[in-house]
Number of protein chains: 2
Amino acid sequence: MRNAGYTIRTMAERCGMTTHTLRYYERVGLIQPVGRARNGHRRYSETDAVWLNFLHCMRDTNIPIRELQRYAALREQGEVTSLERRKILEDHQSVVATQIEALEKAHAILTHKIENYRKIEEKLGLRGSSEAVETEREEQPVMVMA
Amino acid sequence: MRNAGYTIRTMAERCGMTTHTLRYYERVGLIQPVGRARNGHRRYSETDAVWLNFLHCMRDTNIPIRELQRYAALREQGEVTSLERRKILEDHQSVVATQIEALEKAHAILTHKIENYRKIEEKLGLRGSSEAVETEREEQPVMVMA
DNA sequence: GTACTCCTTGAAGCGCGCTCAAAGTCAATT
DNA sequence: AATTGACTTTGAGCGCGCTTCAAGGAGTAC
């Protein structure tokens with residue numbers, strides 16, 4: 001089991017990041033120094049994968065790197081920092097909730113505007129080039145999934 | 001006297017942007033040249049407000065400025081661009097849907113982790129003071145060289 | 001007049017989060 | 001030995017979306 005562990009490339013693919021990003025995260029302290037093979041190449045562990053996936057997931061929610069740095073630093077100090085870490089997560093969770101609201105509002109507005117464009121197109125007799133439903137003179141009603 | 005219209009400051013407040021951003025949007029073509037008072041100051045109309053609110057809402061969903069520029073340019077060409085504009089909105093709406101999913105996933109993970117911290121705190125009898133305990137229940141790097 | 005506030009412009013600057021370049025190491029293959 | 005290719009390092013560079021700067025004009029108040 002001498003050379004067990006994922007290469008940087010494998011891990012990058014697994015976590016949906018680039019190798020550059022993995023090194024960058026290590027450099028800025030989001031992940032502790034990764035173990036090395038004899039030739040100096042990084043070897044990522046399964047636990048690294050879990051943590052990196054978490055980071056990836058959080059970054060998807062626009063949490064700043066700085067905040068993750070704070071969190072990561074506390075994490076390295078053990079369970080004693082539970083309260084602080086929980087606070088970070090709770091604060092961020094409420095940010096996430098706010099973002100969800102904004103996105104849902106935008107989604108609704110988009111639905112409305114898209115529908116409006118459909119009406120305009122009908123009025124103008126426009127047809128889409130690729131995706132449009134064929135409407136002939138004597139058309140049959142067609143149910144189109146949203 | 002139809003000299004009415006919002007000042008840049010008023011409009012900025014109304015749309016949740018800064019005056020700088022409003023000028024920037026005009027400069028890059030997100031909004032057509034705004035009418036001016038006799039002294040050269042911008043005067044925004046009610047229609048501008050609607051459009052700016054839409055832009056603001058879309059930017060909240062991380063749509064790139066470039067995409068909004070495309071959309072704005074089409075919009076200025078009239079109804080004949082309906083299909084293209086609809087496509088832009090539909091494409092972006094699916095991006096928004098994806099983002100909502102990611103955020104909801106993150107929200108769930110956060111709930112889970114927060115709950116976990118609560119348990120840890122209960123176990124440690126934490127309430128703000130510190131009493132070191134060694135066992136990290138979460139992942140902890142192992143392959144550290146030195 | 002002087003001060004103050006609000007506005008104007010173009011250009012430069014900034015923070016974020018990567019992203020890339022250059023030069024080098026190592027292992028395997030030819 | 002030479003080449004290939006995947007990795008290593010450090011440090012610089014980049015794209016985005018503002019944001020600030022610098023210099024000035026116009027309008028009102030005292």
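In what follows, every chain begins at residue 1, and chains take the letters A, B, ... in the order their sequences are listed.
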Please list, pair by pair, any protein nitrogen or oxygen found under 3.5 Å from a nitrogen or oxygen in nucleotides 21-28 of chain C.
none

### Message
Test side-chain hydrogen bond (donor to acceptor under 3.5 Å, both in side chains) on A:Y71 and A:E84; report intermediate values, then the result.
### Response
CA-CA 8 Å; A:Y71 184 80; A:E84 286 162 275; over 6 Å; no
Whole-Å distance separating the [atom1] atom of [X] from the [atom2] atom of [N]:
X: B:M11; N: C:dT8; atom1: CE; atom2: C1'; answer: 18 Å
X: A:L55; N: C:dC18; atom1: CG; atom2: C1'; answer: 15 Å
X: A:E67; N: C:dG15; atom1: CD; atom2: C1'; answer: 16 Å
X: A:Q69; N: C:dC18; atom1: CD; atom2: C1'; answer: 13 Å
X: B:R36; N: C:dC6; atom1: CZ; atom2: P; answer: 18 Å
X: B:Y6; N: C:dC7; atom1: OH; atom2: P; answer: 15 Å
X: B:H56; N: D:dG17; atom1: NE2; atom2: P; answer: 15 Å
X: A:I65; N: C:dT19; atom1: CD1; atom2: C1'; answer: 14 Å

Under 4.0 Å: is that the gap between some side-chain N or O of [X] and OP1 or OP2 of [N]?
X: A:R59; N: C:dC18; value: yes
X: B:T7; N: C:dC7; value: yes
X: B:R42; N: C:dC7; value: no
X: B:T19; N: C:dC7; value: no

#### Entry: Partners passing side chain to side chain contact (heavy atoms under 4.5 Å, CB included) against B:E76 (at least two apart in sequence or in another chain)
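Only B:Q32 meet the side chain to side chain contact (heavy atoms under 4.5 Å, CB included) criterion with B:E76.
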### Task
Taking salt bridge (charged side-chain N to carboxylate O under 4.0 Å, His left out) as the test, write out the residues that go with B:E79, two or more places apart.
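Once residues adjacent in sequence are excluded, the partners of B:E79 under the salt bridge (charged side-chain N to carboxylate O under 4.0 Å, His left out) criterion are A:K123.
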### Query
Relative to the 5' end of DNA chain C, which residue comes earlier, A:T21 or B:I8, by the nucleotide with the nearest heavy atom?
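Final value for this comparison: B:I8.
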### Query
Taking the side chain from A:D60 and the backbone from A:C57, do they hold a donor-acceptor pair closer than 3.5 Å?
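No.
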### Task
Answer yes or no: are there more than 12 heavy-atom neighbours, outside B:E104 itself, under 6.0 Å from its atom CD?
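Yes, the 6.0 Å shell around CD holds more than 12 heavy atoms from other groups.
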### Message
Salt bridge or not between A:R14 and A:E46? Use side-chain N to carboxylate O under 4.0 Å.
### Response
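Here A:R14 pairs with A:E46 in a salt bridge, since their nearest N and O are under 4.0 Å apart.
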### Task
Answer yes when B:K87 and B:E90 have at least one side-chain N-carboxylate O distance shorter than 4.0 Å, and no when they do not.
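Salt bridge absent between B:K87 and B:E90.
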### Task
Scan residues 22-29 of chain A against DNA chain C and write down, sorted by residue number, each residue with any heavy atom closer than 4.0 Å; if none is found, say none.
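Those residues are A:Y24, A:Y25, A:R27.
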### Query
Of the candidate nucleotides D:dC7, C:dC7, C:dG17, which contains the atom at the shortest distance from the side chain of B:R9?
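Looking only at heavy atoms from C-beta outward on B:R9, the closest nucleotide is C:dC7.
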Run the side-chain donor-acceptor check on residues 93-100 of chain B: report pairs under 3.5 Å with partners two or more places apart or on a different chain.
unit_1	atom_1	unit_2	atom_2	d
B:Q93	NE2	A:H107	O	3.0
B:Q93	NE2	A:T111	OG1	2.7
B:S94	OG	B:D91	O	3.0
B:T98	OG1	B:S94	O	2.9
B:Q99	OE1	B:N62	ND2	2.8
B:Q99	NE2	B:T61	O	3.0

Side chains of residues 21-31 of chain B: which donor-acceptor partners sit under 3.5 Å, not counting sequence neighbours?
unit_1	atom_1	unit_2	atom_2	d
B:T21	OG1	B:T18	OG1	2.9
B:E26	OE1	B:R42	NE	2.7
B:E26	OE2	B:V34	N	3.3

